[in-house]
Trainee: 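Take this structure, written in structure tokens, and hold onto it; I'll ask about it next.
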Amino acid sequence: MLDFLGELKRTHYCGELRAADEGKDVVLMGWVHRRRDLGNLLFLDLRDRAGLAQVVFNKEQLAAAHAKAEQVRAEFVVAVEGRVARRQKANPELPTGEVEVVATKLYILNNAKTPPFQVEDEINASEETRLRYRYIDLRRPKPHRNLELRHKVILEIRKTMDEMGFTEVETPVLTRSTPEGARDYLVPSRIHHGQFYALPQSPQIFKQILMIAGMDRYFQIVKCFRDEDLRADRQPEFTQLDVEMSFPRQQDIFEAIERVMARACAMAGVEVTVPFQHMQYKGAIRKYGSDKPDLRFGMELHDVSEVFPAAARATLQIEGSVFALAAPSAASYSRKQLDELSEKAKSLGARGMYIVKVATEGSTSQLEKLLGAEGVRKLVEAASAKPGDLVVAVAAKEQIKGTEAAALIAGQLRLHLADQLKLIPANRWEFLWLTGFPLFEWSERDKTWVSAQHPFTGIVDEDLEKLERAPWEVRSKGYDLVLNGVELGSGSIRIHRQDIQERLFKALGLSEEQLRARFGFFLDALTYGTPPHGGIALGIDRIVMLLAGEKSIREVIAFAKTTAGQDLMAESPSEVDPKQLDDLGMQRKK
């Protein structure tokens with residue numbers, strides 16, 4: 001027989017009890033975490049969001065309460081009345097370990113089936129099982145801590161933005177479809193058959209219109225939606241800090257975001273130094289092989305193309321550049337390890353991987369047949385290798401317009417080797433502003449130049465005259481914020497002039513008809529006195545993921561979806577009643 005809660009009121013959270021509470025009468029409520037029956041004494045570990053408290057039932061003193069406690073099992077919901085007492089032997093592993101509650105009365109508020117996994121910090125259950133039973137998974141301490149951290153970070157962001165004079169403005173969730181780099185999620189209209197709303201990939205156009213409307217400083221903690229391939233740091237719906245300012249210098253935006261990030265990191269006990277480092281896009285690619293370089297370790301890349309003469313390049317079928325790195329203390333790699341590394345390089349698109357084992361008495365490499373001993377020595381020197389290091393050089397199988405293809409491959413090997421060699425320090429926080437991005441990137445699918453970011457990104461003034469004749473040379477006024485090799489967000493100084501915006505659209509191959517259909521209202525707004533403006537959007541999920549020490553954003557989202565875009569708990573997406581489709585003027589394609 002279950003009990004009613006009635007007017008019973010909780011006096012303390014389980015995890016709050018300390019030695020100073022000795023002698024207090026308390027009422028605790030929560031879930032039975034563990035039950036231990038020692039005959040006359042029965043112990044329950046009671047759990048709530050604050051932690052655990054040990055409750056003891058004495059059969060000799062209160063037989064009725066003891067008998068009732070014998071009925072409960074793990075995850076039963078109970079309330080306990082009792083008095084706080086010192087434990088005979090303290091448990092130093094628990095914050096509440098000095099005390100226990102001697103129960104006088106037990107209320108069984110609900111029972112529970114045996115859960116599919118134990119509610120512990122570390123479990124062996126698969127992620128699929130955890131997501132299917134998310135309501136049980138979220139009872140564990142780690143997800144609780146992650147969600148509390150997320151709350152504190154967002155609250156601190158809001159406080160900081162308010163202190164700097166920003167106004168939070170909500171923008172529409174049902175809007176029109178505009179090209180922003182990914183597929184839109186579409187919502188059919190019941191009233192206007194055959195017409196669709198789109199869920200926003202970002203509030204990009206609306207926040208620019210808010211600048212036209214004179215809001216001056218806008219921000220929003222906003223939900224965004226993108227129908228794209230998923231991975232550990234992507235979800236179909238995600239949360240971002242969206243920011244826009246009127247009349248800004250790039251530095252103004254940087255300083256505002258640095259202040260926000262310093263305050264947000266402090267919520268996780270992380271102290272960061274401002275201002276953040278700056279780096280040019282091309283330099284980052286050539287030095288780290290990435291547009292989101294991890295600066296927590298060295299192992300920088302080196303262009304060693306000059307070490308490979310024409311004859312060697314012909315034999316090895318090398319086109320383009322050759323980039324190398326020196327993996328510290330990896331000269332002892334076995335043949336098996338080197339073969340695995342070579343396969344990794346090939347899977348990333350390498351034409352080949354060329355290695356040198358560096359030793360005090362001399363270096364060994366199969367390249368000596370092609371380069372000679374002097375050539376190998378030059379390669380070791382060019383890669384800044386030391387005795388005990390392993391020099392790894394790669395060339396790309398395919399050259400990609402506007403990129404250093406070999407550097408991008410070497411950059412992936414750099415991260416792979418750093419992980420293998422345990423070179424990445426856990427408690428180091430390296431922020432980086434990356435600037436100087438190209439405005440366009442080459443699309444192999446469309447065989448044309450497309451926007452590298454979005455079509456509202458500003459153009460470096462002196463590059464404007466190259467827009468039509470040499471788009472691959474045009475630099476944008478875009479910038480990224482990177483932390484520990486993870487892109488936190490992107491932003492830019494925007495195009496605020498209608499004539500330049502139309503030129504960019506035409507450079508992208510959009511006709512006048514397409515422009516009016518997709519951006520007509522925005523182009524009209526630009527004609528009514530648009531101020532210079534710029535902003536940025538930062539991924540809240542990624543920020544909290546890093547601060548929580550997690551490797552996936554699913555660990556910091558309450559109800560996350562799988563990499564297949566499914567909510568296993570809610571069984572979404574799902575089919576709908578044919579009547580609903582009929583109301584929308586739609587039918588399923590057979």
Side-chain angles (χ1 to χ4, degrees), residues 157-158 160-181 198-224 239-261 433 435 437 439 451-461 464 476-481 488-505 508 515-516 518-540:
I157 287 172
R158 279 198 162 100
T160 310
M161 297 305 293
D162 179 65
E163 289 171 10
M164 292 189 293
F166 286 82
T167 302
E168 184 164 16
V169 181
E170 294 181 356
T171 52
V173 174
L174 294 176
T175 182
R176 68 176 294 124
S177 179
T178 57
E180 290 194 36
L199 301 182
Q201 294 184 34
S202 78
Q204 185 63 46
I205 289 178
F206 288 102
K207 68 180 181 180
Q208 290 190 247
I209 287 177
L210 285 170
M211 296 303 100
I212 298 171
M215 287 304 300
D216 193 71
R217 288 191 165 203
Y218 142 94
F219 87 100
Q220 188 180 184
I221 306 293
V222 62
K223 189 73 78 174
C224 300
T239 306
Q240 67 184 35
L241 166 64
D242 207 48
V243 177
E244 200 77 8
M245 300 171 66
S246 289
F247 307 104
R249 302 169 305 159
Q250 189 182 79
Q251 189 59 31
D252 296 328
I253 296 170
F254 288 179
E255 288 173 1
I257 294 303
E258 286 172 2
R259 183 172 171 183
V260 167
M261 289 308 305
W433 286 112
T435 56
F437 286 92
L439 186 69
S451 289
Q453 195 179 47
H454 57 64
F456 315 110
T457 303
I459 302 167
V460 171
D461 298 350
L464 190 58
S476 81
K477 292 182 179 178
Y479 35 81
D480 281 1
L481 180 61
L488 296 185
S490 296
S492 68
I493 301 298
R494 321 299 186 189
I495 297 172
H496 71 281
R497 286 170 43 181
Q498 184 191 19
D499 58 335
I500 296 176
Q501 187 68 75
E502 287 182 341
R503 281 180 64 185
L504 177 59
F505 283 147
L508 292 169
L515 288 178
R516 297 310 306 177
R518 297 180 185 183
F519 305 107
F521 74 101
F522 180 60
L523 292 176
D524 288 342
L526 287 175
T527 67
Y528 286 92
T530 301
H533 59 284
I536 193 169
L538 300 181
I540 297 289

Trainee: Rounded at 0.5 Å granularity, tell me how far CZ in R497 sits from CG in L504.
Mentor: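 Rounded to the nearest 0.5 Å, the CZ-CG separation comes out at 13.0 Å.
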
Trainee: Are side-chain heavy atoms of K207 and M211 found at a separation under 4.5 Å?
Mentor: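 No, side chains not in contact.
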
Trainee: Apply side-chain hydrogen bond (donor to acceptor under 3.5 Å, both in side chains) to T435 and list each qualifying residue two or more places apart in sequence or on a separate chain.
Mentor: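 So T435 forms a side-chain hydrogen bond (donor to acceptor under 3.5 Å, both in side chains) with Q280.
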
Trainee: With heavy-atom distances below 4.5 Å as the criterion, would you say the side chains of I157 and I540 are in contact?
Mentor: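 Heavy-atom side-chain distance check passes, below 4.5 Å.
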
Trainee: Quick one: side-chain contact (heavy atoms from CB on, under 4.5 Å) partners of T160, sequence neighbours excluded?
Mentor: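 Applying side-chain contact (heavy atoms from CB on, under 4.5 Å) to T160 gives E156, M164, R259, V260, R263.
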
Trainee: Return the minimal non-hydrogen interatomic distance between P200 and P172, and the atom names on each side.
Mentor: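 Answer, listing the atom of P200 first, then P172: CG-O, 3.7 Å.
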
Trainee: If you round to the nearest 0.5 Å, how far is CG of L439 from NZ of K477?
Mentor: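 One gets 11.5 Å once the value is rounded to the nearest 0.5 Å.
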
Trainee: I'd like to know if the side chain of Q501 reaches the main chain of P455, judged simply by a donor and an acceptor atom lying under 3.5 Å from each other, with no hydrogens or angles considered.
Mentor: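 Pair found, side chain donor or acceptor close to backbone of P455.
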
Trainee: Find out whether C224 and P203 are in side-chain contact, i.e. whether some heavy atom of one side chain is under 4.5 Å from a heavy atom of the other.
Mentor: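 The answer is yes, as the side chains (C-beta and beyond) meet within the 4.5 Å cut-off.
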
Trainee: Side chains of residues 519-533: which donor-acceptor partners sit under 3.5 Å, not counting sequence neighbours?
Mentor:
unit_1, atom_1, unit_2, atom_2, d
D524, OD1, R516, NH2, 2.9
D524, OD2, R516, NH2, 3.1
T527, OG1, D524, O, 2.5
T530, OG1, L526, O, 3.3
H533, ND1, P531, O, 2.8
H533, NE2, Q208, NE2, 2.9

Trainee: Could you tell me the separation between the CZ atom of F166 and the CD atom of E244, rounded to the nearest 0.5 Å?
Mentor: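 Those atoms lie 9.5 Å apart.
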
Trainee: Would a 4.5 Å heavy-atom cut-off, applied to side chains only, mark T239 and V222 as touching?
Mentor: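 The answer is no; the side chains never approach within 4.5 Å.
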
Trainee: Looking at CG of L481 and CD1 of I257, how far apart are the two atoms once the value is rounded to the nearest 0.5 Å?
Mentor: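 Between L481 CG and I257 CD1, I get 8.0 Å after rounding to 0.5 Å.
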
Trainee: With a 4.5 Å limit on heavy-atom distance, are the side chains of R217 and T167 in contact?
Mentor: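 When only atoms from C-beta onward are counted, T167 and R217 do not touch, as no gap falls below 4.5 Å.
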
Trainee: Do other residues, nucleotides or ligands put more than 12 heavy atoms under 6.0 Å from the CD atom of E170?
Mentor: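 No, the 6.0 Å shell around CD holds no more than 12 heavy atoms from other groups.
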
Trainee: Would you compute the distance between atom OG of S177 and atom CD of Q201 and round it to the nearest 0.5 angstrom?
Mentor: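 One finds 7.5 Å between OG of S177 and CD of Q201.
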
Trainee: Could you walk me through whether T457 and I495 pass side chain to side chain contact (heavy atoms under 4.5 Å, CB included), step by step?
Mentor: CA-CA 6 Å; T457 303; I495 297 172; over 6 Å; no

Trainee: Q250 side chain to I493 main-chain N or O, any donor-acceptor pair under 3.5 Å?
Mentor: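 Not confirmed, Q250 side chain does not pair with I493 backbone.
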
Trainee: Mind checking what makes side-chain hydrogen bond (donor to acceptor under 3.5 Å, both in side chains) contact with D480, not counting sequence neighbours?
Mentor: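 Scan of D480 (side-chain hydrogen bond (donor to acceptor under 3.5 Å, both in side chains), adjacent residues dropped) gives S490.
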
Trainee: What is the distance from atom CG of D242 to atom OG of S202, rounded to the nearest 0.5 Å?
Mentor: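 Spacing of CG (D242) from OG (S202) equals 6.5 Å.
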
Trainee: Can you name the ring pair (Phe, Tyr, Trp, His ring centres under 6.0 Å) partners of Y479, sequence neighbours left out?
Mentor: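 By the ring pair (Phe, Tyr, Trp, His ring centres under 6.0 Å) rule, Y479 matches F254.
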
Trainee: Carefully, step by step, assess F456 and I205 under the rule side chain to side chain contact (heavy atoms under 4.5 Å, CB included).
Mentor: CA-CA 9 Å; F456 315 110; I205 289 178; 3.8 Å; yes

Trainee: If you define the side chain from C-beta out and look only at heavy atoms, does anything of M245 sit under 4.5 Å from I253?
Mentor: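 M245 vs I253: side chains touch.
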
Trainee: Between the side chains of T171 and Q220, is a donor N or O closer than 3.5 angstrom to an acceptor N or O?
Mentor: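 Note: T171 and Q220 side chains meet the donor-acceptor criterion.
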
Trainee: Mind checking what makes ring pair (Phe, Tyr, Trp, His ring centres under 6.0 Å) contact with Y218, not counting sequence neighbours?
Mentor: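 None.
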
